[in-house]
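One structure below.
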Number of protein chains: 2
Amino acid sequence: MIALRHLRYFIAVAEEGHVTRAALRLGIQQPPLSQQIRAMEAEIGVALLNRLPRGVELTEAGRVFLAEARLAILQVEHAVEAARRTARGEQGRLAVGFTSSAAFHPLIPAVVRAFRQISPQVDLLLEESSTGELIAGLQKGQLDVAFLRVPLGDTAGIRIEALLQEKMLVALPAHHPLVGKRAPKSIALARLADETFILYRRPTGPGLYDTIIAACRAAGFSPRIGQEAPRMLSTLSLVAAGLGVSIIPESMRRLDTEGIAYIPLAGAGGLVAPLHLAWREAHPSGAATRLIAHIRQMVREQ
Amino acid sequence: MIALRHLRYFIAVAEEGHVTRAALRLGIQQPPLSQQIRAMEAEIGVALLNRLPRGVELTEAGRVFLAEARLAILQVEHAVEAARRTARGEQGRLAVGFTSSAAFHPLIPAVVRAFRQISPQVDLLLEESSTGELIAGLQKGQLDVAFLRVPLGDTAGIRIEALLQEKMLVALPAHHPLVGKRAPKSIALARLADETFILYRRPTGPGLYDTIIAACRAAGFSPRIGQEAPRMLSTLSLVAAGLGVSIIPESMRRLDTEGIAYIPLAGAGGLVAPLHLAWREAHPSGAATRLIAHIRQMVREQ
DNA sequence: ATATTCTATATCAAAAAAGTATGCTTATGA
DNA sequence: TCATAAGCATACTTTTTTGATATAGAATAT
């Protein structure tokens, strides 16, 4: 069976035109080199060298084989380098997931843009889905990293790290009495006791939904739920349509401003929207490790 | 140092997702296979596999390496195949030389055309030069095969084989008295005793030139040499210009017919133009062997 | 818990590669 | 032309590498 050693030896002999000199260069003796070359010729079934009184010369087949053998060696080196680059996270593919509400936080496009720039050879696959599906995706290895609001469900084997916490805003229809002529600087949660709430909730489990209800209870009332929107974005549409009020993370202010007044909560007792980063505990890829480190740095510098 | 064995083993493990099963497929035991894979990972410095409770899975680096390793194996196989094809004469380059007078024989273009068709992957390099240079080219390995008329000079290490013999024609100016109104069917050499001869001769030594002079002597006269043309083709131009007569191989009739009458020699005693094939005795290339065999066949069938 | 399924480790045997000594062929130079 | 040197091949030995066997260790599945 042909080995890379055979190719390396042959290339040396071809380049030197001389078995003894090639052996010197390879750091072995001449007889084993002669043997290896002959063994390879026997294996291929073709004479690659003409043995001359002084040195050797390539046959036509030898010339062709030399060129191809060099390519083979290069390809092996390329394979090794590609693996190393991939392990260093400079190459490969990286699947990043995020929940719809996290998608609106400016950190995420900033991270994606920055990572694309520093690791152009990594294919970033971005995928938006629910928290539950993100966690499952991580566990199944379909995702490498995910941004989510509140971790929930079975997070076995998943590392979760808090990145930041956002303040919450009250979203009111623009013509709501509480907004008045000039929107107030802030509003206390208790003043929303009689409002109808529009909240975002996924069937998969608790999330911001429960945090908000708990905060209302703490403020002394039990919120009346008017509607549960299927997607975070629809919540704001319903508020704009005047169907009720909602409480949303600050970063969502960027959206759908038409017809909505955003007012900070006064002394928001524990009512904050966290942003978490999640990744597989076991065997993170080089690119994932790199991305995580980069995210941490961006959060720190922010 | 990485070996092809490592790549083959790794590919098997990657494809099976299972060391034990891959070992079975490779016809070795599981422990050495595990060892070889680990040795290669150590060599590269990168984890290619994640060891799971049941079987193994590829890391991102492993996936990249798998694809590249497959290419490396293919390239090695390609190298071997290319060498074999070259040895069989199906690929490579082949330098064919011929003297100017041989170039006019229809066998040569026919051979070239036929060989191009049956061996399209062989690059044919055609080169016209003098007999002496052809022989030297063969000896130096610059040429693989040569067509020539009369072998001369130092032919050490050269195999020469007679392909065919052509009749000779007398070339006369169209208005020469011997041609008359209707050209005669043939003409005896002795009748040219008083003519001026225009002959082709290269400085390198004897050739057709001497054959012709010897034939004249045998016919009872010593030819008067009017001019020695540097190239076979110029001979005919000089004849057409009325400067004398010449004796040429039959196949040259195809050229420069304007102003020249070609008349066969009556009972041409030994006055024939041979065509020889010459090639290096030592280490003929596959393509050369193939070409030579093909030429012989074409001559036989002709 | 216990069996089962896999990979890892340790030790030994076999095979392959490298080393040493020397032979054989062919050119080179006195 | 004869001796010498250059350079590849062959024969044999030593070392290294690869593979086999036995068994441990980890983890899931029953």
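Every heavy atom of this structure was used, including side-chain atoms; hydrogens, water molecules and symmetry mates were not. Throughout, protein chains are lettered first and strands after them, A, B, ... in sequence-line order, and every chain is numbered starting at 1.
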**Request:** May I have the distance from B:Gln29 (atom CD) to C:dA10 (atom P), rounded to whole angstrom?
**Result:** 19 Å
**Item:** Distance, rounded to the nearest Å, where A:Tyr9 contributes OH and C:dG19 contributes P
**Value:** 8 Å
**Heavy-atom donor-acceptor pair, B:Glu60 side chain to A:Arg93 backbone, under 3.5 Å** = yes
**Request:** Report the nucleotide, chosen from C:dA8, C:dT20, D:dG19, that has the shortest atom-to-atom distance to any side-chain atom of A:Pro31.
**Result:** C:dT20
**Request:** Before accepting this row, confirm whether a basic side-chain N of the pair A:Arg63/A:Glu57 lies closer than 4.0 Å to the acidic partner's carboxylate O.
**Result:** no
**Complete:** Note: contacts of residues 32-60 of chain B with DNA chain D (heavy atom, under 4.0 Å) are B:Pro32, B:Gln36, B:Pro53, B:Arg54
**Message:** Do the side chains of B:Arg70 and B:Glu15 get close enough for a salt bridge, i.e. N-O under 4.0 angstrom?
**Reply:** yes
**Request:** Have a look at A:Val111 and tell me which of A:Arg116, A:Gln297, A:Met298 forms a side-chain contact (heavy atoms from CB on, under 4.5 Å) with it.
**Result:** A:Met298
**Asked** Taking atom types as modelled and ignoring hydrogens, do the side chains of A:Arg290 and A:Ser119 form a donor-acceptor contact shorter than 3.5 angstrom?
**Response** yes
Quick test: give all pairs of protein nitrogen or oxygen and nucleotides 12-15 of chain C nitrogen or oxygen below 3.5 Å, distance rounded to 0.1 Å.
none

**Request:** With DNA chain C as reference, determine whether A:Gln30 or A:His6 sits nearer its 5' end, using the nearest nucleotide of each.
**Result:** A:His6
**Whole-Å distance separating the NE2 atom of A:His18 from the C1' atom of C:dA27** = 13 Å
**Carboxylate-amine/guanidinium contact B:Glu90 B:Arg85, below 4.0 Å** = no
**Complete:** Rounded to whole Å, CD of A:Glu16 lies from C1' of D:dA6 at a distance of 16 Å
**Request:** Take the protein atom CZ of B:Arg5 and the nucleotide atom C1' of C:dA17, then report the distance between them rounded to whole Å.
**Result:** 12 Å
**Prompt:** A:Thr20 side chain N/O closer than 4.0 Å to the phosphate oxygens (OP1, OP2) of D:dA6?
**Reply:** no
**Asked** Quick one: do the B:Gln139 and B:Arg280 side chains pair a donor with an acceptor below 3.5 Å?
**Response** no
**Prompt:** Are a donor atom and an acceptor atom from the side chains of A:Gln30 and A:Ser34 found within less than 3.5 Å of each other?
**Reply:** yes
**Message:** Closer than 4.0 angstrom, basic N to acidic O: yes or no for B:Glu43 and A:Arg84?
**Reply:** no
**Request:** May I have the distance from B:Leu4 (atom CG) to C:dA16 (atom C1'), rounded to whole angstrom?
**Result:** 16 Å
